[in-house]
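First the structure, in the form of structure tokens, and then the observations on it.
Quick caveat, the model's predicted, so the values are computed rather than measured.
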Amino acid sequence: MDGMKKKKYYFFLPEEIIIDILSRLPVKSVLQCRLVCKAWRSLVCDPSFAHMHLLRRRRHDDDHGKVNIAVMTLFENNSSERFHYTLDNENCEKSYEIRSFDFSSDDDLILCDIVGSCNGLICIADYKDDGSLYIFNPITRECLNLPNLINQSSCLRIEDMVYGFGYLPSTNEYKVVRICYYEHFAGRVQVYTLGAGSGWRDKGEITYSLIFYPPEPTILANGALHWRDGGEIVAFDLADEEFLLLPTPPCSLLDSENDQYPFQLQVLGGRLCVVHCKNEVSVEVWSLKKNEKNGNYGDIKGQKDYQFWSWIKEFDVDSDLEARDPTPLALTMRGEVLLYNRGTLFRYDLKTATSEKLVDIGKYLSACRIFEAVPHWNSFVSLKALGEEDTKIIESAS
């Protein structure tokens, strides 16, 4: 009997059943399971497990109204950038913890922004002369500094740079897009595919002006990256690697006389949306939908299909809290909208038209000002498993 106690009974289960069980656990539990034995660690580090766990946790978080938020902050006392993200503890909706990471050792960083978050990977841009880009997973603590910019016009000075980060499910590819704007010239487009080994690929010039201050996170929807060009919306199809012009949102036409075009792009309920600011506390949300009589909703494959697409007004948010210019970040299955504003997270119930403050992130981050926040789902997606051998592990700063 004593010998039986020493046996590892979990090895009696088929490997696929162990993977299935582990993939249903919260992130913290999986991290603990990695320490049980080498066999379990190997299973958790397998790319197929990362994909399975991500899909199940996103489905679970959506059903329970939970979402993680990635935040970029600047500490004014020493002018050093630090990445933060709030992590739902998955036991209590109103309880959050905040983790910090110094993803760069460069003391001369001036301005950084979150380009986008995709499947647990976060792309961060450092707006220096060489346009440094980082891909970071806060769970695995893997960080990749992408190769420096290939300047196709070395005799010209780069005036601005615009970035995008997205995932193409059909090929399981993560792509980074970088657009360089030279003085008095059109933008030059380059694409980097993680793990492909081909470096930055030149895709020619574009005439769209996608520059905004402060820079806005790129929106990934329907297999394409999206930016604003004034009152228009420009998409970059990740499969064809071509730019498309989307139908003009009705709210943009209403505000055509304004210089700032008070709307922003977002993904809510899995659809590309336009969030139109009506006033300081109210917004309306429009989504781009394909007419049902012309087929199911799917990827946008060319401007010729736009006669079958239209913007539909989904709902209004009239915040009764102290939030000003609230930004919708996520839409849950329970009919709630997660709002973000100046370091504070709110939850708005569409059925009762009432809102509730969830957490004030700003009070936990002293001596800093918050740049932005984007929806983020924790995952075990590995940069090394994708083929990026130069990936490094960074430690938590707090």
Side-chain angles (χ1 to χ4, degrees), residues 26 57-73 84-98 114 117 216-217 219 221 249-252 254-255 260-289 311-365 369-378:
R57 293 313 302 173
R58 288 190 65 163
R59 196 178 306 125
H60 173 272
D61 288 352
D62 190 42
D63 291 342
H64 291 78
K66 297 180 180 181
V67 66
N68 295 324
I69 305 299
V71 179
M72 174 64 68
T73 62
H84 292 262
Y85 79 112
T86 63
L87 174 63
D88 189 331
N89 71 2
E90 305 191 52
N91 293 318
C92 176
E93 287 184 342
K94 296 183 182 179
S95 179
Y96 292 79
E97 65 176 281
I98 297 178
I114 298 177
S117 174
E216 300 177 348
I219 301 302
C251 56
S252 174
L254 293 174
D255 296 305
Q260 298 301 319
Y261 297 99
F263 76 87
Q264 55 186 300
L265 300 177
Q266 191 55 271
V267 175
L268 298 172
R271 298 185 184 277
L272 177 67
C273 292
V274 163
V275 180
H276 176 224
C277 300
K278 297 190 294 183
N279 51 55
E280 288 186 339
V281 296
S282 301
V283 297
E284 60 181 10
V285 176
W286 298 70
S287 66
L288 184 62
K289 292 183 178 181
W311 291 98
I312 306 298
K313 185 176 178 180
E314 295 288 353
F315 55 84
D316 291 273
V317 173
D318 295 304
S319 176
D320 56 356
L321 294 174
E322 65 270 25
R324 292 294 182 267
D325 303 322
T327 301
L329 290 182
L331 179 66
T332 73
M333 295 294 290
R334 297 188 300 182
E336 298 172 338
V337 182
L338 189 66
L339 304 172
Y340 173 81
N341 173 263
R342 301 173 186 176
T344 304
L345 293 176
F346 300 90
R347 180 170 54 193
Y348 182 83
D349 193 320
L350 292 173
K351 298 177 182 177
T352 62
T354 58
S355 38
E356 172 189 11
K357 181 186 290 187
L358 291 178
V359 62
D360 184 356
I361 304 174
K363 73 178 182 180
Y364 298 106
L365 305 177
R369 54 188 176 87
I370 297 174
F371 284 164
E372 58 190 322
V374 297
H376 171 72
W377 280 265
N378 290 321

*Are F263 and L265 close enough, and set up right, to give a side chain to side chain contact (heavy atoms under 4.5 Å, CB included), and what steps lead you there?*
CA-CA 7 Å; F263 76 87; L265 300 177; 4.2 Å; yes
So, taking the atom named [atom1] in [X] and the one named [atom2] in [Y], what distance separates them when rounded to the nearest 0.5 Å?
X: W311; Y: S287; atom1: CH2; atom2: OG; value: 7.5 Å
X: S117; Y: N378; atom1: OG; atom2: CG; value: 9.0 Å
X: S282; Y: D318; atom1: OG; atom2: CG; value: 3.5 Å
X: E356; Y: R347; atom1: CD; atom2: CZ; value: 4.5 Å

For residues [X] and [Y], report the shortest heavy-atom separation together with the two atoms involved.
X: L338; Y: F346; result: CD1-O, 3.3 Å
X: L339; Y: V317; result: CD1-CG1, 3.9 Å
X: S355; Y: Y348; result: CB-CD1, 3.8 Å
X: C277; Y: V283; result: CA-CG1, 4.0 Å
X: L350; Y: F315; result: CD2-CD1, 3.6 Å
X: R271; Y: L288; result: NH1-O, 4.4 Å

*asked:* Any side-chain to backbone donor/acceptor pair from Q266 onto V275? Under 3.5 Å, distance only.
replied: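 Pair absent, no side-chain N/O of Q266 close to backbone of V275.
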*Are any of the side-chain heavy atoms of K289 and E314 separated by less than 4.5 Å?*
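Yes; the side chains approach each other to less than 4.5 Å.
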*Residues in salt bridge (charged side-chain N to carboxylate O under 4.0 Å, His left out) with D316, at least two apart?*
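Salt bridge (charged side-chain N to carboxylate O under 4.0 Å, His left out) list for D316, sorted by chain: K278, K313.
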